[in-house]
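Have a look at the structure below, then the notes.
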Amino acid sequence: MSVTETSKIEELANKEYKYGFVTDIETESLPKGLNEEIISQLSAIKKEPPFMLEWRLKAYKHWLTMKEPHWPNVKYDPINYQDISYYSAPKKKPQLNSLDEVDPELVRTFEKLGISLEEQKRLSGVAVDAVFDSVSVATTFKEKLSELGIIFCSMSEAIRNHPDLIQKYLGSVVPYTDNFFASLNSAVFSDGSFVYVPKGVRCPMELSTYFRINAANTGQFERTLIVADEGAYVSYLEGCTAPMRDENQLHAAVVELVALDNAEIKYSTIQNWYAGDKEGKGGIYNFVTKRGACRGVNSKISWTQVETGSAITWKYPSCILQGDNSIGEFYSVALTNHRQQADTGTKMIHLGKNTRSTIISKGISAGFSNNSYRGLVKIVKKADNARNFSQCDSLLLGDKCGAHTFPYLEINNPSAQIEHEATTSKIGEDQIFYLNSRGIATEDAINLIVNGYCKEVFKELPMEFAVEATKLLSVSLEGSVG
Amino acid sequence: MLLEIKNLHANIEGKEILKGINLKVNIGEVHAIMGPNGSGKSTLAQVLAGREEYEVTKGEIIYNEKNLLELSPEDRAREGVFLAFQYPVEIPGVSNTNLLKTALNEIRKYQGQPELDAMEFLSLIKSKMKLVELDQTLVSRSVNEGFSGGEKKRNEIFQMAVLEPKLAVLDETDSGLDIDALRIVANGVNKLKSEKNAIVVVTHYQRLLNYIVPDFVHVLYKGKIVRSGDKSLALELEEKGYDWIKAPSDSVEVA
């Protein structure tokens, strides 16, 4: 690449994070540190029934026996778990009947992000359960959903109002013993979303939650549980942006999905947390456990993710294909720029007969970043006629970034059909010049190429999310070709 | 005057390739630039399109009363300069239609014209597809991906047809084409030729000029135009090869 073009690109790459601002809503926090007392206080603040506190304490005790894992292809300084405040909530938290009652400062924050609740409500018919610093402050469309028997509320409310469902399903896909970060989350999760779609109901709208990490040094430990009962369908959208911070913030969420017979869950994520500055200072550690269980026959779970943020992303949205004829899908675009690191992929565990899975992973690395795909396809002995198709592509922008692919296959049944395709390509100066010579500026040329590359994943996103994803990629990529 | 190149010198990686090119092209004219391998033909085409690897050290290019060298490659395209590449690039995932719609609307925006909507655009490309006998499947596929050599060249001319440049530079558009493909490409160019544009054909062989008949033929050798004439010059070159051009100019250089 010529000198001029490179400097143009650097200039663009140096643009500041667009969503970096801090909202000064007074917050009420627990003191830093983690012990049984803190967990009891947390549970008390949230007015939880005793079973919940018991579960949290069991998780905490188990967590104490575990060691932080270090197998992914990422590097970071040790995390001091005693230096984190495990709860922070906006001080004013009245029961809200309408958006007018929401703290105007909060509404402005959402407006700055371009996700104003009012707009959402009026224009798109999307029901929004907004998680703001660990506590849900606004829930919309609840009535409409409740007419159909759909429960869509914060996890805290679900624990208080639907303890039977919580006891039945919470931890049933990701047990509190699952892994270091899932155990920590089980002990200290602050809030999150809960969805239950009853038998035979097709949720008529996309359910959407916008998470936002706000108070400095507050680890975020969301817990999301979605249950689709027999023959139910739901599409859930999760989108995130975060304000700029100097210190790293740990985010260790757990998402559990349960699909019973003939049920389908579609879970889409756009993740754009603060990635740190150009030197990699600050930024979010995004260590997430996401797993779905296709528990019933003919059930289907589909994960679609567009990951552009966070200093470190470490997550593998997975499917356990337990029911016969169940289907698991994973569509992913993971983009890393500057000093970002991502180790992401999926696990498809085939337990039932005639189970099928599809993996389409598109990694994009720019700057000095490192992007790894890590995926497991496991077919157990009893899983006759299982099929998997995997496609893992890497796109490199520049010559200082890295792309890695770690596919793992464990096939224990000879009737399995497995296909794996992988490619690595690079945006070349030739391609950019070719588009320039057709009247297209460099920045638009890169967007055109990257969006073309991600097309197969974007088409899986709900329409309005796809538009957002396209915008997000162009912001995140602004000038990173070398 | 559409294009005037004055005493153009250009380097790549410190090596001088163009050593004082002078050329005038009027609207409505077809010029052929011929010459042996390594004489600087493709360099001239790339410099016109604005490839930054080539450093212009001396001289100027006036295009449509503007200093072309001051314009970015995309602005040159928006001003009506088009380069048909010798080796068209493959761009996986980006469809031909998407590229052309983006390009055409960028050009129209620049020229103060309204952008075309999807329907208008589709009817435009349908009419242009016929010119180069390109079928729909090729047009909706990713740019040049998996195209044969001939399809790539036809696609270049198709793009030219859609973008309607004022100055089209065809860089060895005939190379790698069999006789049928050559005829299709040449017919397309002939249909696009008008009193409102000019075409500069860069070629090694005379055979393309049987189909695209030039008004002027220039012979480029060692970075300079050593001889200019009408179409008969091309025929002469075909007959005698380049040696008779090389010999006198080499001796001039020695002297």
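B:Arg154 forms no cation-pi arrangement with B:Phe158, by the criterion of a distance under 6.0 Å to the ring centre and an angle within 45° of the ring axis.
Contacts between B:Leu99 and chain A at a heavy-atom distance below 4.5 Å involve backbone atoms as well as side-chain atoms. B:Pro88 touches chain A through backbone and side chain together, each having a heavy atom under 4.5 Å away. With a 4.5 angstrom heavy-atom cutoff, B:Leu163 touches chain A only via side-chain atoms. Interface remark: B:Gln159 contributes side-chain atoms only to the contact with chain A (heavy atom separation under 4.5 Å). In this structure, the portion of A:Asp444 lying under 4.5 Å from any heavy atom of chain B is its side chain and not its backbone. Contacts of B:Arg76 with chain A are absent, with no heavy-atom separation under 4.5 Å from either backbone or side chain.
At least one donor-acceptor pair closer than 3.5 Å links the side chain of B:Arg108 to the backbone N or O of B:Pro114.
A salt bridge does not link A:Glu329 to A:Lys266: none of the charged side-chain nitrogens sits closer than 4.0 Å to a carboxylate oxygen.
Inter-residue side-chain proximity for B:Ile21 and B:Leu220 is flagged as met; some heavy-atom pair is nearer than 4.5 Å.
When only modelled atom types and interatomic distance are considered, A:Ser310 and A:Gln271 share a side-chain donor-acceptor pair under 3.5 Å.
The line from CD1 of A:Ile270 to CD of A:Glu307 is 10.0 Å long, rounded to the nearest 0.5 Å.
Interface remark: of the candidates B:Glu106, B:Arg78, B:Glu79, B:Arg78 forms the most heavy-atom pairs closer than 4.5 Å to chain A.
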